[in-house]
J.: 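Sending over a structure as structure tokens; questions will come in a sec.
Numbering of residues begins at 1 and proceeds along the displayed sequence. Just so it is clear, the values below take in all heavy atoms, side chains as well, and ignore hydrogens, waters and symmetry mates. Model, not experiment: these values are computed from the prediction.
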Amino acid sequence: MNTFGRYLRLTTFGESHGRALGGVLDGVPAGIPIDLEAIQAFLNYRKPGTNLAVSQRQEEDCLEILSGLLPDGMTMGTPIGFFIANKDARSADYSVLRELYRPSHADYTYHQKYGVSPQAGGGRSSARETAVRCVGGAIALQILTRLGVHIYPYIRSIGEIRLPDEDLSDLDLKNVYHSSVRCPHPQWEPKLEALLAEVRHSGDSVGAVVDCLVQGVPVGWGSPLYDKLSAHLGFAILSINAVKGIEFGDGFDITTKRGSEANDEIEPSLFEQVNFLSNHSGGIQGGISMGTDIRFSVAFKPTPTIAMKQKTITLSGDAVEFVATGRHDPCVALRGVSVVHAMTALVLLDAYLATRAESPLV
């Protein structure tokens, strides 16, 4: 399946080492001004080669819009088509890997399912595809901002280094992309940078947790039973390469609490419909937004391509040992921050359009 969304639908195409990647975003309402420079700036947050903490593949990731926008950037209500050329594939780096299955990649499962031998750079399964999601997400973000909705993803932990709860108030979330490790905290940023340098020099990789805060979503987005906002967010986030888990609010920690500790009690409010005394639910109850901050955490596994000897088998079933070649991220979650950002935006705009369709007066 290469299409995502219901009322807002993103279809992507292209492979890691093909001529280009591209997409079609359908369902964007007409008459909305879109800032193309802002889309390119957001796309640049995800691109490789920006610092030593990410893959050194050098891609310009220059966006070209093909359809759906007027010359002044106004949406036409028609499908927005776009593509991004690949410039620095270096497929020769993967020549030795085409005859074996790389551990924890999609090589084996894709080969068994489709009968297509592993492709350079992972082909369609490569995280390179997420550049297209970032374009769609950047468009959605501009519309959500007009609705007063703001999304703030950031690195909460890398490996064994985790920001404590008491330090989260010191994060400058509006400037998260100014940080090389996507964690703008004066104390923890250099610690995370040092850990990544150590991992990179050893040829290994490390996992991480991305937290995401969403502000400004009103009560009522999402529907029971199978259209829960949390279910759509989970579906979207789990579709991101290297993501192994998502939890909302207190997540798995809530299993250690009693109901008296975990319930979000309610009191009347002079300025709002109600006031919740806590947010253990993460801003979603019954699959519907509560009108409070939406909070969730995303677990990224370590990048499976590492410059260390590993055991695997060839396509013919022979046991071999190999050291991966090519360029890889010591921690894929760093560039994953912008992908979480984009996918969250796509889900939320889709939820808004669904709510508007269900209740025309909204």
Side-chain angles (χ1 to χ4, degrees), residues 1-5 7-30 32-50 54-91 93-94 106 110 116 119-143 177 236 239-241 326-327 329 332 335-347 349-350:
M1 178 62 69
N2 301 297
T3 300
F4 169 80
Y7 293 87
L8 181 73
R9 296 172 300 280
L10 176 66
T11 300
T12 75
F13 63 84
E15 295 82 38
S16 175
H17 288 202
R19 289 182 58 189
L21 303 166
V24 177
L25 185 65
D26 195 9
V28 177
I32 299 174
I34 298 297
D35 184 344
L36 295 181
E37 291 184 0
I39 298 176
Q40 184 63 61
F42 187 83
L43 185 57
N44 291 344
Y45 297 146
R46 192 222 67 95
K47 77 176 183 179
T50 55
V54 300
S55 167
Q56 294 307 292
R57 178 171 173 171
Q58 298 295 314
E59 290 289 355
E60 297 176 359
D61 280 357
C62 290
L63 173 67
E64 182 170 345
I65 298 293
L66 303 176
S67 65
L69 297 180
L70 293 171
D72 62 357
M74 190 71 69
T75 60
M76 302 166 61
T78 56
I80 300 174
F82 57 90
F83 83 95
I84 305 163
N86 288 328
K87 299 290 187 180
D88 187 31
R90 282 173 50 176
S91 298
D93 288 350
Y94 293 84
Y110 267 53
V116 178
Q119 300 174 50
R124 184 68 176 152
S125 70
S126 169
R128 177 93 181 114
E129 179 268 347
T130 60
V132 182
R133 305 184 191 207
C134 285
V135 175
I139 295 172
L141 279 171
Q142 293 188 34
I143 301 172
Y177 290 112
S239 76
I240 300 172
N241 307 63
R327 298 153 292 180
D329 297 81
V332 71
R335 293 199 289 142
V337 167
S338 56
V339 186
V340 169
H341 201 164
M343 295 305 289
T344 302
L346 289 167
V347 170
L349 184 56
D350 188 52

J.: Would you sort out whether Leu25 and Leu346 count as a side chain to side chain contact (heavy atoms under 4.5 Å, CB included), showing the intermediate values?
T.: CA-CA 10 Å; Leu25 185 65; Leu346 289 167; 4.2 Å; yes

J.: Can you tell me if Asp26 uses its side chain to pair, donor with acceptor, with the backbone of Arg9 under 3.5 Å?
T.: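 Answer holds: no.
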
J.: For residues 62-71, which side-chain N or O atoms pair as donor and acceptor with protein atoms under 3.5 Å away, sequence neighbours left out?
T.:
from: Ser67; atom 1: OG; to: Pro79; atom 2: O; distance (Å): 3.1
from: Ser67; atom 1: OG; to: Gly81; atom 2: N; distance (Å): 3.0

J.: Can you tell if the side chain of Arg128 reaches within under 4.5 Å of the side chain of Asp61, non-hydrogen atoms only?
T.: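 Yes, their side chains come closer than 4.5 Å.
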
J.: Mind listing the closest non-hydrogen atom pair of Val132 and Leu10 along with its distance?
T.: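 Scanning both residues, the minimum pair turns out to be O-CD2, 4.2 Å.
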
J.: Side-chain contact, heavy-atom cut-off 4.5 Å: Tyr7 with Leu349?
T.: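 The answer is no, as the side chains (C-beta and beyond) never meet within the 4.5 Å cut-off.
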
J.: Can you list every salt bridge (charged side-chain N to carboxylate O under 4.0 Å, His left out) pair that touches residues 11-21, not counting sequence neighbours?
T.: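 Salt bridge (charged side-chain N to carboxylate O under 4.0 Å, His left out) check on residues 11-21 returns no pairs.
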
J.: Looking only at heavy atoms, what is the nearest atom pair of Ala345 and Gly137, with distance?
T.: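 Heavy-atom minimum between the residues: CB-O, 3.7 Å.
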
J.: Not counting sequence neighbours, which residues clear salt bridge (charged side-chain N to carboxylate O under 4.0 Å, His left out) with Arg124? List them please.
T.: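 For Arg124 there are no salt bridge (charged side-chain N to carboxylate O under 4.0 Å, His left out) partners, ignoring immediate neighbours.
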
J.: Which pair of non-hydrogen atoms, one from Leu43 and one from Ala131, has the smallest distance, and what is that distance?
T.: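 Reported closest heavy-atom pair: CD1-O, 3.4 Å.
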
J.: Is there side-chain contact between Asn241 and Val332, with heavy atoms separated by less than 4.5 Å?
T.: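 SC-SC contact between Asn241 and Val332 ruled out.
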
J.: Residues in ring pair (Phe, Tyr, Trp, His ring centres under 6.0 Å) with Tyr110, at least two apart?
T.: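 Checked Tyr110 against ring pair (Phe, Tyr, Trp, His ring centres under 6.0 Å); matches are Tyr114.
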
J.: Any side-chain to backbone donor/acceptor pair from Asp350 onto Leu8? Under 3.5 Å, distance only.
T.: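 Yes, Asp350 side chain to Leu8 backbone: donor-acceptor pair under 3.5 Å.
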
J.: Looking at Asn2 and Phe13, would you say the former's side chain and the latter's main chain have a donor-acceptor pair under 3.5 Å?
T.: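 Looks like no, no N/O pair under 3.5 Å.
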
J.: Sequence neighbours left out, what pairs pass salt bridge (charged side-chain N to carboxylate O under 4.0 Å, His left out) with at least one residue falling in residues 75-84?
T.: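 Passing the test, one end in residues 75-84: no pairs.
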
J.: Is any side-chain heavy atom of Arg335 closer than 4.5 Å to a side-chain heavy atom of Thr130?
T.: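 Contact flag for Arg335/Thr130 side chains = no.
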
J.: Which pairs, with at least one residue in residues 69-83 and sequence neighbours excluded, count as a side chain to side chain donor-acceptor pair (under 3.5 Å)?
T.: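 Pairs touching residues 69-83 that pass the test: none.
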
J.: Verify whether one side chain among Ser239 and Arg133 offers a donor that lies under 3.5 Å from an acceptor in the other.
T.: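 A pair is found: one side chain offers a donor N or O, the other an acceptor, under 3.5 Å apart.
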
J.: Kindly assign one of parallel, tilted or perpendicular to the pair Phe42 and Tyr177, based on the angle between their ring planes and the thresholds 30° and 60°.
T.: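 Phe42 vs Tyr177 ring planes: perpendicular.
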
